[in-house]
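Shown next, in structure tokens, is the structure this report addresses.
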Amino acid sequence: MLKLYNTLSREKQVFVPMEAGKVRMYVCGMTVYDYCHLGHARVMVVFDMVARWLRTSGLAVTYVRNITDIDDKIIRRAGENSEPIRALTDRFITAMHEDADALGVLRPDHEPRATDFVPQMLDMIGQLEKNGLAYLADNRDVCYHVRSFPGYGRLSGKSIEDLRAGERVDVAEGKRDPLDFVLWKHARADEPAEVKWPSSWGEGRPGWHIECSAMATRLLGPRFDIHGGGQDLQFPHHENEIAQSEGAHGHPYVNYWMHNGFVRVDDEKMSKSLGNFFTIREVLKRYDPEVVRFFILRAHYRSPLNYSDAHLDDARHALSRLYTALKDHDGAAMVDWDEPHARRFRAAMDDDFGTPEAVEVLFDLAAEINRGDTTLVGQLKALGNVLGLLQRSPTAFLQSGPAAQDDGLSAETIEARIAARVAAKKAKDFAEADRIRDELKDSGIVLEDSPRGTNWRRA
RNA sequence: GGCGCGAUCGCAUAGUGGUUGUGCAACGGAUUGCAAAUCCGUCUACCCCAGUUCGAUUCUGGGUCGCGCCUCCA
């Protein structure tokens, strides 16, 4: 029985799908004007894990993760680059897919682009206007009248009064209330034709929040099971989505809201605005992507996750232990769910996606295997697979490394050195054998003698 | 100012009203020509102050510190 923490109720709840055996899930994805950073990596990996676990649990999942391809920052960036919006967004969508693929993130069932759903957004805005929740402001933007929507602030635990008290928003440009947000931005003369769509309120483009409501409704229906995203989207983005969808449809929008914690650097949120972010591809130059995935899943999805080289190094060593246990064994990869470790694994995952405990089970399996119980090899591999881990050849993982690109030593060179050392050992020239080993060690290559020969791996 | 989250062994990260988890690191032993890997063992924590309790790291209240949201942000 799966329980998950629902941001809306602020407690763990038993997950009951709307339709037996099926789950409909929407996750807020990327705004594509730059490379993804580690924070994006976390959202993608976390909800990939969620989708995998739901499927492993026998549910048919429809997973939607949107792409925001129209927005102020995109327009600005395209202008700076003197390139069409579409060229810019296409480029970064490709880059995003490269990053996601590297991290073992499976493609969602749908990746809708906002610009493909403008008519649906306009329909929804029209409905909101009809319901008395949207109005055309003096500056010709169409705005959502937040005060007319009862229950605004329920998700984020904010009251309209408190928001006003701490208000730091610019003086309203035509808004009736500073809290009101834009549904439809009227077109400006200096904007490219590419970002102008006709509408009954005049030419313009969608506000940010409306796209998710419209696309989720179109692809999953007006009410669905799970909606996820980064913690920072809880307010105002998700609060506004609720106001839009419930305001338009007159019934609840989402049953379970999930928010993943931030990635931090030096105990500060990693973000574009703070400038302390690392892009995924930057990190992947120095760390194996599976190490990054492991690093993310080793922490609970709702906890903050501190990034540092030391922590990634630690994660690499830990993952190496798992792969080392798998080395020299072939095992079928089907989970036997009646086996005790698998039961613990399931219990951990069913408790709000407790990947840290699930990973712990993996280490216990590795220990059992190292003690000689090779019947558990298949379990380790198969449970690893549930998390999207441990599917490579152990040797391939162990011989790849942080320095793989620049230590300049090819496998052939290393093998040749090993052969030379074996010869030296045979001749009882241990000084020479040790010299060769130390030399390789200085290049980050660790040798391991075994009855069946000498193996090597990268430290 | 409003709202919320967190404080666990050297580092990291789980979890639990009483049996003290996991990874990395460290130390001792086994193994090894020596190593590495592995195994066995050691070290063994729960911010502070009250309260509830037979018993609290775990529950309640207060405090301190850190962080997040309230503005674009995964």
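All values below come from the heavy atoms of this structure, side chains included, with hydrogens, waters and symmetry mates left out. Each chain gets a letter, A, B and so on, in the order its sequence line appears, and its residues count up from 1.
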Legend entry - A/Glu360: salt bridge (Lys or Arg N to Asp or Glu O under 4.0 Å) partners, not counting sequence neighbours: none
Legend entry - Euclidean distance for C1', B/C49 against B/A56 (whole angstrom): 15 Å
Inset, instruction - Answer yes or no: side-chain N or O of A/Lys269 and base N or O of B/C67 forming a donor-acceptor pair under 3.5 Å. - result: no
Legend entry - Proximity to RNA chain B (any heavy atom under 4.0 Å), residues of residues 32-39 of chain A only: A/His37, A/Gly39
Inset, instruction - Can you tell me the distance, in whole Å, between the CD1 atom of A/Ile70 and the C1' atom of B/C72? - result: 15 Å
Legend entry - Integer-rounded Å distance: B/A14 P and A/Phe345 CZ: 16 Å
Legend entry - Integer-rounded Å distance: B/A36 P and A/Asn370 CG: 16 Å
Legend entry - Those residues that, when tested against A/Asp180, pass side-chain hydrogen bond (donor to acceptor under 3.5 Å, both in side chains) (two or more places apart): A/Tyr135, A/His145
Inset, instruction - With P as the reference atom in both, quote the distance from B/A7 to B/G17 in angstrom, rounded to an integer. - result: 16 Å
Inset, instruction - In whole angstrom, give the distance that lies between atom CG of A/Asp267 and atom C1' of B/C5. - result: 14 Å
Inset, instruction - Could you list by number each residue of residues 107-117 of chain A showing a heavy-atom separation from RNA chain B of less than 4.0 Å, or answer none if no residue does? - result: none
Inset, instruction - Quick one, give me the B/S/- string for nucleotides 18-24 of chain B, reading 5' to 3', where B means a protein heavy atom under 4.0 Å from the base and S means that only happens at the primed atoms, P, OP1 or OP2. - result: ---BSBS
Inset, instruction - Rounded off to whole Å, could you give me the CG-to-C1' distance for the A/Asp72 and B/C73 pair? - result: 13 Å
Legend entry - Cationic N near anionic O, under 4.0 Å, A/Asp190 to A/Arg188: no
Legend entry - Test: A/Glu191 and A/Lys185 ion pair at under 4.0 Å: no
Legend entry - Residue from A/Leu38, A/Val45, A/Leu312 passing side chain to side chain contact (heavy atoms under 4.5 Å, CB included) with A/Phe295: A/Leu312
Inset, instruction - Let me see the working for A/Arg113 and A/Ile93 under side-chain contact (heavy atoms from CB on, under 4.5 Å), right down to the final yes or no. - result: CA-CA 10 Å; A/Arg113 298 174 63 134; A/Ile93 288 170; 3.2 Å; yes
Legend entry - Along RNA chain B (nearest heavy atom to each residue), the more 5'-positioned of A/Arg10 and A/His311: A/Arg10
Legend entry - Contact under 4.0 Å: A/Arg302 side-chain N or O vs B/C5 OP1/OP2: no
Legend entry - Test applied, side chain to side chain donor-acceptor pair (under 3.5 Å); reference residue, A/Ser213; option that passes from A/Glu246, A/Glu241, A/Gln244: A/Gln244
Legend entry - Test side-chain hydrogen bond (donor to acceptor under 3.5 Å, both in side chains) applied to A/Gln391 - qualifying residues, sequence neighbours left out: none
Inset, instruction - Mind jotting down which residue pairs meet the salt bridge (Lys or Arg N to Asp or Glu O under 4.0 Å) criterion with at least one end in residues 23-35 of chain A? Sequence neighbours excluded, please. - result: A/Asp34-A/Arg77
Legend entry - Pair A/Glu368, A/His341: side-chain N/O donor-acceptor within cut-off below 3.5 Å: no
Below 3.5 Å is the cut-off: list the nitrogen or oxygen pairs between protein and nucleotides 30-33 of chain B, distance only.
unit_1, atom_1, unit_2, atom_2, d
B/G33, O6, A/Arg421, NH2, 3.4
B/G33, N1, A/Asp434, OD1, 2.9
B/G33, N2, A/Asp434, OD1, 3.3
B/G33, N2, A/Asp434, OD2, 2.6

Inset, instruction - Using the salt bridge (Lys or Arg N to Asp or Glu O under 4.0 Å) rule, take A/Glu161 and A/Arg147 through it: C-alpha gap first, then chi angles, then the decisive distance, then the call. - result: CA-CA 10 Å; A/Glu161 300 318 313; A/Arg147 280 184 176 276; 3.7 Å; yes
Inset, instruction - Look at the side-chain N and O atoms of A/Ser303 and state whether any lies under 4.0 Å from the OP1 or OP2 oxygen of B/A14. - result: yes
Inset, instruction - Toss me the dot-bracket line for RNA chain B: Watson-Crick and G-U wobble, both under 3.5 Å, 5' to 3', using | for pairs to another strand and [ ] for crossers. - result: (((((((..((((....[..)))).(((((.......)))))....(((((..]....))))))))))))....
Legend entry - Partners passing side-chain contact (heavy atoms from CB on, under 4.5 Å) against A/Ala216 (at least two apart in sequence or in another chain): A/Tyr26, A/Phe224, A/Tyr253
Inset, instruction - Rounded off to whole Å, could you give me the CE-to-C1' distance for the A/Met270 and B/C67 pair? - result: 15 Å
Legend entry - Nucleic acid contacts of residues 227-246 of chain A, taken as heavy-atom distances under 4.0 Å to RNA chain B: A/Gly229, A/Gly230, A/Asp232, A/Leu233, A/Phe235
Inset, instruction - Report yes or no: is there a donor-acceptor pair, N or O only, under 3.5 Å between the side chain of A/Lys73 and the base of B/C73? - result: no
With a 3.5 Å cut-off and sequence neighbours excluded, list the donor-acceptor pairs that the side chains of residues 148-158 of chain A form with protein atoms.
unit_1, atom_1, unit_2, atom_2, d
A/Tyr152, OH, A/Asn240, OD1, 2.4
A/Ser156, OG, A/Glu239, OE1, 2.6

